[in-house]
Amino acid sequence: MLSYRCLNLKKISLYVHIPFCERKCLYCDFLSFSASDETKKEYVNALIRQIKKASPAYREYHVMTVFFGGGTPSMLQGQDIIEIMDEIRANFDVDKSAEVSIEINPGTSYDLASYKSAGITRLSIGLQSANDSELQKLGRIHRLKDFETLYEQVLSAGFNNVNVDLMSGIPGQTLSSYENSLRYLADGKDRPRPTHISAYSLSVEEGTPFAAMKLDLPDEDTEREMYKITGDILSRNGYRHYEISNYALEGYECEHNKVYWRRGNYLGLGLGASSMVENVRWKNTEIMDDYIRSDVFEMKNVERLSVEDQMEEFMFLGLRLIKGVSIDSFTEYFHAPMPPKYEQVIEKYISLGLLKKERNCVMLTQDGINVSNMVMSEFIF
Ligand code: SF4
């Protein structure tokens with residue numbers, strides 16, 4: 001339950017980037033790399049300096065969620081996570097029931113007891129596949145047995161809000177091997193099912209080792225079928241599809257990610273982290289040496305979003321949610337009706353069966369989800 005105080009304050013979420021990984025997965029284009037223990041220590045010190053420097057500007061804000069992402073946050077010592085959270089609580093007004101998440105790679109060491117002491121409420125585990133040869137093809141450092149060991153410990157440590165990431169479209173993956181991974185997680189026969197599953201499809205990004213390799217990727221029809229069975233199997237097991245790639249048991253949607261899709265305020269702490277507060281967007285430096293020596297934490301690429309930018313984002317982020325975009329909320333937010341261009345695009349895609357309208361909300365249909373990027377791009381002015 002939200003405290004009385006928070007009703008009078010503006011809301012914000014904090015993202016904390018931990019850019020360390022043991023080694024790069026072959027498909028990864030995130031800002032992450034391996035580093036010495038000394039560099040990690042310097043990084044934690046810099047993060048703490050940034051928390052202290054940044055926080056006075058957010059005195060009027062109430063922190064509703066905190067998310068440690070990466071990279072691999074579990075590459076830090078548990079004590080580091082405690083220190084960072086202590087510093088966040090000392091410098092920001094964090095809600096007593098804030099959702100505090102951390103990403104864990106099953107192949108690294110992790111310190112669940114410290115995460116508990118730090119007040120972490122939600123764990124997000126990067127499994128990706130329950131098939132060892134697929135994990136190997138992705139260049140992941142863990143195997144299924146590492147996940148099983150971690151998951152058992154997570155349950156006995158009493159964490160009851162757990163996301164697991166799954167991936168479709170892996171080189172060499174078949175419909176049946178993907179289905180096995182889904183059932184392994186969701187059928188709840190051998191272990192309690194996770195409360196949340198993020199099911200993304202692999203995207204081959206420029207500059208990654210995968211982009212230079214000849215990959216045996218599943219064809220488009222198989223990918224589409226994978227998406228369909230994700231929805232079928234997860235809904236049969238009690239998950240609600242609430243965002244294009246995200247499924248949750250009742251009451252376990254990811255509050256932090258919903259802030260991005262609903263265009264709430266978020267402040268990025270750490271290397272290369274992005275922020276958006278009151279329609280101003282910026283990034284932190286991506287240069288490690290600059291970050292760990294910084295005392296100023298300069299805002300890079302500062303951009304004040306125009307009303308058109310805000311409308312575009314309102315539509316293409318809102319359409320990621322299965323509930324879609326409320327036309328009333330649009331009008332209320334912009335103090336104006338939807339522009340004629342949007343009305344035309346909506347009518348066009350309703351007639352093509354890619355969008356639908358229910359209770360004055362516009363949402364993607366199942367066919368629309370398959371071509372969501374194309375539909376969303378039509379909302380760009
Ligand atoms: S664990 Fe995640 S961030 Fe690290 S290299 Fe692999 S995909 Fe990238």
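Remember, it's a predicted structure, so these values are computed and weren't measured experimentally. Heavy atoms only: backbone and side chains are in, while hydrogens, waters and symmetry mates are out. Every number for a ligand or one of its atoms is a count from 1 in the order of the listing.
- Side-chain atoms of Tyr178 and Ile170, non-hydrogen and from C-beta on, never get closer than 4.5 Å to each other.
- The shell of residues lying under 4.0 angstrom from ligand 1, judged by heavy atoms, excludes Glu103.
- Looking only at side-chain heavy atoms (C-beta outward), Ile48 and Glu83 come within less than 4.5 Å of each other.
- Taking every heavy atom of Cys28 and a limit of under 4.0 angstrom, the matching atoms of ligand 1 come to 3 (S), 5 (S), 7 (S), 8 (Fe).
- Ligand-side atoms of ligand 1 in range of Arg140: 1 (S), 6 (Fe), 7 (S), range being under 4.0 angstrom from any heavy atom.
- Of the options Tyr239, Tyr242, Phe159, a ring pair (Phe, Tyr, Trp, His ring centres under 6.0 Å) to His196 is made by Tyr242 and by none of the others.
- Interface atoms of ligand 1 facing Tyr27, defined by a heavy-atom separation under 4.0 Å, are 7 (S).
- Taking the ring centroids of Phe314 and Phe334, they lie under the 6.0 Å cut-off.
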Side chain to side chain donor-acceptor pair (under 3.5 Å) evaluation trace for Tyr291 with Gln50: CA-CA 9 Å; Tyr291 185 77; Gln50 190 185 16; 2.7 Å; yes

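- Ligand 1 places these atoms under 4.0 Å from at least one heavy atom of Cys21: 1 (S), 3 (S), 4 (Fe), 5 (S).
- Nearest protein neighbour of atom 3 (S) of ligand 1, counting heavy atoms only, is Gly71 N, 3.3 Å.
- Distances from ligand 1 to the non-hydrogen atoms of Gly126 include no value under 4.0 Å.
- Using a 4.0 Å cut-off between heavy atoms, Asn105 contacts ligand 1 through its side chain alone, with no backbone atom that close.
- Annotation: cation-pi geometry satisfied between Arg191 and Tyr184 (NZ/CZ under 6.0 angstrom from ring centroid, within 45° of ring axis).
- Looking at Cys25 against ligand 1, both its backbone and its side chain come within 4.0 Å, counting heavy atoms.
- Separation of the Tyr342 and Phe381 ring centroids falls under the 6.0 Å cut-off.
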